[in-house]
Amino acid sequence: MPELPEVEAVRLGVESLFAHRRIAMVHVFDERSVSRHNGGAEDFTRTLTGLELGEPDRRGKFLWLPLHGDLTTSAALLAHLGMSGQLLAHDLAADAPPLRHERVRLTFADTSSPQTLSFHDQRLFGSLAIDPLIDDPFAASSRAAKSRRQVPTQAGHIAPDPLEPAFDADDAARAIRSHRSAVKRVLLDQTVISGIGNIYADESLWAARVHPEQGADTLSQRRARSLVDAVVAVLHRAVAVGGTSFDDQYRHVNGESGYFAIELNAYGRQGQPCPRCGGPIRRVSFMNRSSHFCPRCQRRR
DNA sequence: AACCTATCCTGCCCGC
DNA sequence: TGCGGGCAGGATAGGT
């Protein structure tokens, strides 16, 4: 389940192996993996062929590579990994049959290794698309601070993530408190803060000793700020070790696993002792998924 | 307008 | 051995 740290690891891998390379051939093995491309698989293939990939950028869980070449407007190859998407480097012949969950294959014009970049996705929640780039809607409004950064239209509504230089922890704490829902729901809302998924939401709430179902608007600014600080710390730690994963859905671009790279304190530890107080971690159903927390040190206030 | 629920999808793991 | 149910959950369409 790739969240910000996993996507960042993928970004780094893609940058080192595929930036500035020209695409010679595109194979879409499953059209559902380009369902968010406006124009379908045929247009995706035709447009992308012959273009050069720029340096990958990321906001939250959205990853994109600016495209250079015969294009009338500025656009990027946008990737969202969803639940099980992977970008993997291979040395495959362009006409080799698809691997088990390989949905899209890019073959490069030069002869460097790796020769191919493939999008794998078991559960098809992820997607690739060619998407126009627009000025960052979240860039500071003052002209002096106006960033030249561009983002794909499909990521235009996604809030800046905690690792962006412009991220302001006090503003983020205020944004969280401006919502009336359960605080965990707000953490998972990518239009408030982006990049957080179920694992790091649970880990951050545990670290800040906040009950996942406490109303976001009932947190003091001080407590909300300490939650944001926990989010930043958790994400930084995970990025530093290259992400984490529970299963082998998540792999680095070179195929290496991020398995258990991070020690988890709450997520997936139901019934096991809380590392802080020793009481049992509880798992409850929440928003069609699971919440893991320590009822003893994460009290609803 | 803010908030929330259902839905998409596949494979694995469990119990029968 | 096979089958059905539950589970994993990011993003969003469409409901209240």
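Lettering follows sequence order; numbering is per chain, from 1. Predicted model, so just to flag it, every value in this text is computed and none were measured. Hydrogens, waters and symmetry mates are skipped; everything else that's a heavy atom, side chains included, is used.
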> Within this structure, what is the CG-to-C1' distance between A/Leu81 and C/dA8, rounded to whole angstrom?
Replying inline: 16 Å

>> If the cut-off is 4.0 Å, is A/Ser84 near the phosphate of C/dA8, judged by side-chain N/O to OP1 or OP2?
In response: no

> Looking at the side chain of A/Arg123, which of B/dC12, C/dG10, B/dC9 is the nearest nucleotide?
Replying inline: B/dC9

>> Output the rounded distance in Å from CG (A/Leu188) to C1' (C/dT12).
In response: 14 Å

> Quick one: are A/Gln115 and A/His90 in side-chain contact, heavy atoms under 4.5 Å?
Replying inline: no

> Any idea which of C/dA11, B/dG11, C/dA8 is nearest the A/His101 side chain?
Replying inline: B/dG11

> Counting side-chain heavy atoms from C-beta on, which of B/dT10, C/dA11, B/dC4 comes nearest to A/Arg32?
Replying inline: B/dT10

> Nearest of B/dT10, C/dA11, C/dG10 to any side-chain atom of A/Asn198?
Replying inline: C/dG10

> Does A/His157 make a side-chain N or O approach to OP1 or OP2 of C/dT12 shorter than 4.0 Å?
Replying inline: yes

>> Looking at B/dA2, I'd like to know if its phosphate oxygens (OP1 or OP2) sit under 4.0 Å from a side-chain N or O belonging to A/Ser181.
In response: no

> C/dA8 phosphate, OP1 or OP2: any side-chain N/O from A/Arg283 under 4.0 angstrom?
Replying inline: yes

> Near A/Arg301 CZ, under 6.0 Å, is it more than 12 heavy atoms from other residues, nucleotides or ligands?
Replying inline: no

> Of A/Arg185 and A/Arg289, whose nearest nucleotide on DNA chain B comes first from the 5' end?
Replying inline: A/Arg185

>> Is there a path of hydrophobic side-chain contacts, each under 4.5 Å between heavy atoms of I/L/V/M/F/W/Y residues, joining A/Val239 to A/Val234?
In response: yes

> How would you label the contact of A/Asn288 with the nucleic acid (heavy atoms, under 4.0 Å): base, sugar-phosphate, or nothing?
Replying inline: base

> Can you tell which of C/dG10, C/dA11, B/dT10 lies closest to the side chain of A/Leu124?
Replying inline: B/dT10

> Which is true for A/Arg180 with a 4.0 Å heavy-atom rule: it touches a base, it touches only sugar-phosphate, or it touches nothing?
Replying inline: sugar-phosphate

>> Side chain of A/His179, heavy atoms from C-beta onward: which of B/dC3, B/dT10, C/dG10 has the nearest atom to it?
In response: B/dC3

> Can you tell me how far C1' of C/dC7 sits from CD of A/Gln122, to the nearest Å?
Replying inline: 12 Å

>> I need the CD1-P distance between A/Ile158 and C/dG10, as an integer number of Å.
In response: 12 Å

> Quick one: A/Asp189 CG to C/dG10 C1', roughly how many Å, whole number?
Replying inline: 12 Å

>> Could you check whether any side-chain heavy atom of A/Gln298 comes within less than 4.5 Å of a side-chain heavy atom of A/Pro212, counting everything from C-beta outward?
In response: yes

> Any side-chain N or O of A/Gln190 under 4.0 Å from OP1/OP2 of C/dA11?
Replying inline: yes

>> Is the phosphate of C/dA13 approached by A/Arg36 (side-chain N or O, under 4.0 Å from OP1 or OP2)?
In response: no

> Yes or no on ring pair (Phe, Tyr, Trp, His ring centres under 6.0 Å) for A/Phe18 and A/Phe108, after CA distance, side-chain angles and deciding distance?
Replying inline: CA-CA 9 Å; A/Phe18 298 103; A/Phe108 291 88; 5.2 Å; yes

